Amino acid sequence: MQIKPTGSVAVVTGASRGIGRAIAVGLAEFGYDVAILDLGAQRKALEETAAEIRAAGRKAFIHELDVTSKPEIETTVAAILSEAGSIDVLVNNAGILKPSTLEDLSEKDWDAHFDVNAKGVLLMCQAALPHMRSKKSGRIINIASIAGRQGVATQGHYAATKSTVITLTRVLAQEVGMDGITVNAICPGIILTEMGKNNLGSDEAVRHWETVASLKRLGYPEDIIGPVRFFASNQSDFVTGQSLNVCGGIYFH
Ligand SMILES: NC(=O)c1ccc[n+]([C@@H]2O[C@H](COP(=O)([O-])OP(=O)(O)OC[C@H]3O[C@@H](n4cnc5c(N)ncnc54)[C@H](O)[C@@H]3O)[C@@H](O)[C@H]2O)c1
């Protein structure tokens, strides 16, 4: 069976750089027009992502959006449906990580991580689901993290948000499957993006994790494209509620 897209329009949050940009361009190369969403401060970077999508021969729709804002999400989803005609794939990728021990963590940073990484996913799903339900199809792909499975020192708050995303993925899959919608998650390992590099901090840490990884290297944003395409394709028609580790063999559960 040939791998094929399941529709024509994908939406990717946090698409200005890193994993989100790779996913947006990877879905364009797979055949999707892509609505790319990110904070207003990322406008210039969003335009670079859009140029790569257009170079792949697909349409790009740019929207400035904060995933913590329900009104902004509702306006943006309505605008995408009007300009692109459909939302077939939703990739919830926007996320933040500011390391801290749990003892030192401020209430403000706890709330900020839950607002972006967990509530943002929920609000985007809630906004896209009425359309997906009405057309009896849709693919939701949430970018979680292996941190959400294992828990990592200095990332307790971040890991808790990602555990929430894994649980939300399982539950939502059960609640929307009857309308032909699948919900799956990807748990990246250490990916060399701005977030990944800041988190590692030193060349020594990079070398340490390269040694730990079964594949003896860390990940690149492009390593996430294939798994996203799988969940956005006909090849995963019977897969839902699952979370797939994409980590080069750092974590196994
Ligand atoms: N890099 C890694 O090692 C790694 C590992 C596991 C999981 N992840 C997850 O992958 C996703 C992408 O991470 P990345 O490494 O590309 O990070 P990144 O920091 O390079 O990119 C994150 C993007 O999200 C956007 N964003 C942040 N807050 C937002 C908000 N409120 N509204 C809209 N957009 C917002 C940022 O502007 C940025 O474009 C995140 O969910 C992250 O938690 C990353």
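Keep in mind it's a predicted model, so treat the numbers as computed, not measured. Numbering of ligands and ligand atoms starts at 1, following listing order. Residues: numbered from 1 along the sequence shown.
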**Request:** Provide the closest heavy-atom pair for Ala118 versus Val165 in the form atom of the first, atom of the second, distance.
**Result:**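 Smallest heavy-atom distance, with atoms named: CA-CG2, 4.5 Å.
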(Q) A side-chain contact here means heavy atoms from C-beta on lying under 4.5 Å apart; do Ile23 and Ile224 qualify? (A)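 Heavy-atom side-chain distance check passes, below 4.5 Å.
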query: Does Leu37 reach the side chain of Thr76, with side-chain heavy atoms less than 4.5 Å apart?
result: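 Yes - at least one pair of side-chain heavy atoms lies under 4.5 Å apart.
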Query raised in the report: List by chain and number: which residues place a heavy atom under 4.0 Å from ligand 1?
Result: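 Residues within 4.0 Å of ligand 1: Gly14, Ser16, Arg17, Gly18, Ile19, Asp38, Leu39, Gln42, Leu65, Asp66, Val67, Asn93, Ala94, Gly95, Ile96, Val116, Ile143, Ala144, Ser145, Tyr158, Lys162, Pro188, Gly189, Ile190, Ile191, Thr193, Glu194, Met195, Gly196.
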Can you sort out the partners of Lys98 under side chain to side chain donor-acceptor pair (under 3.5 Å), two or more places apart, ordered by chain and number?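 Side chain to side chain donor-acceptor pair (under 3.5 Å) list for Lys98, sorted by chain: Asp109.
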Note to self: Under a 4.0 Å threshold between the charged nitrogen and the carboxylate oxygen, would Arg21 count as salt-bridged to Asp38?
What the structure shows: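 Looking at Asp38 and Arg21, the cut-off is not met.
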Heavy-atom donor-acceptor pair, Asn198 side chain to Glu194 backbone, under 3.5 Å:
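Between the backbone of Glu194 and the side chain of Asn198 there is a qualifying donor-acceptor contact (under 3.5 Å).
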